[in-house]
Amino acid sequence: MFNNRTKIKALLQMQPEGQSVTVMGWVRTFRNNQFVALNDGSTNANLQVVLELGKFDDALLRRITTSASLKVTGTVVASLGKGQAVEVKAEHVEILGDSDSEKYPLQPKKHSLEFLREIAHLRFRTNTFGSVFRIRHSLAFAVHKFYNEKGFVYLHTPIITASDAEGAGEMFRVSTLPFDNPPRKEDGTIDFAEDFFGRATNLTVSGQLEGELGATAFGEIYTFGPTFRAENSNTARHLAEFWMIEPEMAFCDLEDNANLAEEFIQYLIRHVMEHNAEDLEFLRQRLLDEEKSKPQAERSEMDLIQKLQFVVDNKFERITYTEAIDILLQSPHYKKKKFQYDVAWGIDMQSEHERYLVEKHFKKPVIVTNYPAAIKAFYMRQDDGCAPGRETVAAMDILAPGIGEIVGGSQREERLDKLEQRMTAMNIPHEELWWYLDTRRFGTVPHAGFGLGFERMVQFVTGMGNIRDVIAFPRTPKSAEF
Ligand code: 4AD
Ligand code: MG
C-alpha cells in the first residue's frame, strides 16, 4: 500500500512527538552518509531524514544518490540542526528507484533557465519550477472558483473548428488528407469536401464565438481551455499553444466587462497571495538575486510581492485608445525619437508603446478602450457618433507592467445589420457563420466578454520573464519537444 504516506509539506508543520511516519520522495542531497534532503514536490522545503551511523548497510547507503527515489519509515523528532524545526529519524529505508547521479543532468547547483528548458522533463524537480507550477495550479483552481461563485456556467467549446474567430488567419490546419496527393477540385485547389469533416477545419484560436452562443442562453459562461495560433512570433510572450479563459456575459456593456476583468485579475492575485505565500516568497527572492546583476537604474522599485499587493490595492487606469496615442505623442520618449515604431492615430500599438504606457507613464495596469475599427476583429461593437476616418469599436485591452497585453476583449456587435455590414467589408462569408448570426436574429442582447491569456497571468504573478517557463511543455516555432 502506497497511499499512507505523509506529504512533506504537512509533516514539516507537525509537532515533533515521535510519531511514526512514512515519507516518499526524491533525494536532493546526501551528506556525511547521514543526512538526506528529501523532496516530494509538495513544497520546496526538503525534509531532513537522519540515518543513524552504523544502522544501515553500506550497500544501501551507496544507492542514496541525488534523484534516487526513497521510501522512508521513521519517527518525527525535533531537529537539532539549523534550518528546520523537525526531521525524521529513519527506521527503515527502501530504494524505490536508483539514479546514476553522474548522468543525472540536474546537479545541486544553479542552472540557467535556458538549460532547464532543454530538460523540461526534469525541471519540475527544481525549486523555481516547483514554485511556478504549484502557483499555476493554484491560479487555475482560482479561475474556476471565481466564476463558480458568480454563477457562470463552464462551457467546453470545441478544439477543432471550421471558423476563424479572430479573423487573423493564423491557424493550424486539421486534416486527414494525404499530404503527397490530396484530392483536388477541377481548378486545382485541394478538395476539402473529401476531408474527414467534409470541410476545411483547424485548431481553434479562441472559444469566443461558441461562448457567445452559450451566453445568449445561460446569461453568463466562461471557457478555460487550450487555444492555438500559428503566428511566427518568437518572443518571450507568445506561444503557439496557450491556455485562455474567456468569460462571455449577456446584458453587459464595455464598462461592465472592464469591471469584471479588473475584479478577476485582482481575485486571482489575492488567491495566490493567500494560498502560496511560501512559493511567492521563494520567487520574490529569486528575482531579487537576478536583479543584483543589473545596473541600479534598471532594477524595479518594488519586489514581486509589493508589486502584486499594489495591483490588488489600486484601481486600474482607464483610458481610451485616442488618449493613449496622445500620451505617446506628448511623451519625452517620442520627442527624443526613442520608439522604434512610429506613433499615429490608427496604429496597432507595438509592445514598446504599451510598455511605455504601463511601465513609464502610469506605472500600473491600464485598460485601453475604443480602438480603431480597422485594427480589430469583425465582432466588436461599432461605436456610435464617430468622426469620419476615426471609426472606433468598443474594444478593450488590459496592459500589465512587465507583460504588455494580458487581456483582450470587447462589447460585441449585437445589431444584425451592422454586424453583416462589417463582415461583408472584411470578406467574411456570412453562410459560414449562419449559426453565429442567428443569435442576432432570435432575441439579440447587448453582450460582452474578454480573453485572459493564462500563461501571461502566470508570468505576471510569478515574475518569470519568459512564457516558456510557465507552461510545462512549450510549443513555439520550430520547437515541440516532449
Ligand atoms: O486578444 P486576443 O487575441 O483575444 C481573443 O482571442 C478574443 N477572442 C478574446 C475574447 O474577447 N473572448 O487574445 C486574448 C489574450 C491576449 O490578451 C493574451 O493575453 C493571450 O490571449 N494571447 C496569447 N498568449 C500567449 N501566446 C499567444 N500567442 C497569445 N495570443 C494571445
Ligand atoms: Mg489582443
Side-chain angles (χ1 to χ4, degrees), residues 136 139 143 147 152 155 157 161 163-172 203-215 220-249 252 254 256-258 260-261 264-265 268 321 348-351 354 358 365-369 371-372 375-381 393-400 402-413 436 447-461 464 466-471 474-477 479:
R136 184 180 165 114
L139 280 168
V143 165
Y147 288 111
F152 283 51
L155 192 67
T157 51
T161 87
S163 51
D164 178 3
E166 291 305 300
E170 294 166 328
M171 300 178 300
F172 290 99
L203 294 177
T204 188
V205 295
S206 156
Q208 179 198 320
L209 301 189
E210 292 88 354
E212 287 184 52
L213 311 180
E220 293 170 323
I221 64 95
Y222 71 106
T223 72
F224 184 2
T227 49
F228 307 85
R229 302 217 177 157
E231 51 190 338
N232 205 355
S233 310
N234 242 316
T235 79
R237 314 260 172 268
H238 288 89
L239 291 165
E241 174 180 304
F242 64 99
W243 289 68
M244 186 157 46
I245 298 118
E246 296 184 275
E248 190 70 34
M249 296 77 67
C252 181
L254 187 62
D256 302 317
N257 200 26
L260 183 79
F264 178 40
I265 289 173
L268 293 181
Y321 168 90
D348 200 357
M349 279 191 272
Q350 298 291 323
S351 91
E354 298 180 337
V358 281
V366 180
I367 308 182
V368 183
T369 61
Y371 282 77
I375 56 168
K376 288 292 184 186
F378 73 94
Y379 52 71
M380 297 191 181
R381 192 178 197 279
V393 287
M396 65 167 199
D397 274 7
I398 302 187
L399 313 177
I403 305 289
E405 181 190 333
I406 193 163
V407 161
S410 68
Q411 185 172 338
R412 319 305 188 191
E413 183 56 83
Y436 184 72
H447 64 289
F450 62 84
L452 171 73
F454 187 57
E455 283 74 22
R456 293 192 188 173
M457 187 67 205
V458 181
Q459 275 193 282
F460 187 72
V461 172
M464 298 300 284
N466 195 312
I467 199 163
R468 293 167 178 81
D469 297 331
V470 298
I471 187 162
R475 300 293 179 245
T476 55
S479 167

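Just follow the structure's listing: the first ligand is 1, and inside any ligand the first atom is 1. These values consider heavy atoms only, across backbone and side chains, with no hydrogens, waters or symmetry-generated copies. Because the structure is a prediction, the values reported are computed rather than measured.
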Nearest heavy-atom neighbours spanning Q411 and A448
CA-CB, 3.6 Å
Kindly identify the option in R229, R456, Q208 whose heavy atom sits closest to atom 6 (O) of ligand 1.
R229
For residues Y379 and E212, is any side-chain donor paired with an opposing acceptor at under 3.5 Å?
no
Any donor-acceptor N/O pair, E220 side chain to M249 backbone, under 3.5 Å
no
Subset of ligand 1 atoms that lie under 4.0 Å from at least one heavy atom of G408
1 (O), 9 (C), 10 (C), 11 (O), 17 (O)
State whether the side chain of T223 and the backbone N or O of L155 hold a donor-acceptor pair below 3.5 Å, judged by distance alone.
no
Could you tell me which non-hydrogen atom of G211 sits nearest to which non-hydrogen atom of T157, and how far apart they are?
N-CG2, 4.1 Å
Take F228 and F172, measure what ring pair (Phe, Tyr, Trp, His ring centres under 6.0 Å) needs, and give me the verdict at the end.
CA-CA 7 Å; F228 307 85; F172 290 99; 7.0 Å; no
Indicate yes or no: does E248 engage R412 in a salt bridge with an N to O separation below 4.0 Å.
yes
Side-chain (D397) to main-chain (G408) donor-acceptor, under 3.5 angstrom
no
Under-4.0 Å heavy-atom contact with ligand 1, by part of Q459 that carries it:
neither
Under a 4.0 Å heavy-atom limit, does E231 contact ligand 1 with its side chain, its backbone, both, or neither?
side chain
Taking only non-hydrogen atoms of R412 and a 4.0 Å limit, the atoms of ligand 1 in range are 10 (C), 11 (O), 12 (N)
In terms of heavy-atom contacts, Y222 and V143 come closest through CE1-CG1, 4.4 Å
In the protein, which heavy atom is nearest to atom 9 (C) of ligand 1, and how far is it?
E246 OE2, 3.2 Å
Contact region, E455 to ligand 1, non-hydrogen atoms below 4.0 Å, reads neither
So which protein heavy atom does atom 20 (C) of ligand 1 come closest to, and at what separation?
G453 CA, 3.6 Å
Just which atoms of ligand 1 are under 4.0 Å from any heavy atom in I406?
17 (O), 19 (O)
Any side-chain to backbone donor/acceptor pair from E231 onto E170? Under 3.5 Å, distance only.
no
Among all protein heavy atoms in this structure, tell me which lies nearest to atom 14 (C) of ligand 1, with the distance rounded to 0.1 Å.
M244 SD, 3.4 Å
Any donor-acceptor pair under 3.5 Å linking the side chain of R237 with the backbone of I403?
yes
Is there a polar contact, in the sense of an N or O pair closer than 3.5 Å, between S206 and ligand 1?
yes
Out of M457, E248, R237, who is nearest to atom 25 (C) of ligand 1 when you count heavy atoms only?
R237
Counting each atom of ligand 1 from 1 as listed, which ones have a heavy atom of G451 under 4.0 Å away?
9 (C), 10 (C), 11 (O), 12 (N), 14 (C), 15 (C)
Which of the numbered atoms in ligand 1 are under 4.0 angstrom from any heavy atom belonging to G409?
11 (O)
Which option, F460, W243, F242, F454, owns the non-hydrogen atom nearest atom 22 (N) of ligand 1?
F242
Counting only heavy atoms, which portion of I467 has something under 4.0 Å from ligand 1: side chain, backbone, both, or neither?
side chain
So which atom in T476 and which in H238 form the shortest heavy-atom distance, rounded to 0.1 Å?
CG2-O, 4.1 Å
the protein heavy atom lying closest to atom 7 (C) of ligand 1 turns out to be E166 OE2, 3.3 Å
Could you tell me whether the side chain of R136 and the main chain of V458 form a donor-acceptor pair under 3.5 Å?
no
E405, N/O/S atom nearest the Mg ion (ligand 2):
OE2
Counting from 1, what ligand 1 atoms have a heavy atom of V407 closer than 4.0 Å?
17 (O)
May I ask you to list the atoms of ligand 1 that are less than 4.0 angstrom from any heavy atom of Y379?
7 (C), 8 (N)
Determine whether the side chain, the backbone, both or neither of F450 has a heavy atom under 4.0 Å from any heavy atom of ligand 1.
backbone
Looking only at protein heavy atoms, what sits closest to atom 26 (N) of ligand 1 is L239 N, 3.0 Å
For atom 17 (O) of ligand 1, what is the closest protein heavy atom, and at what distance to 0.1 Å?
E405 OE2, 2.6 Å
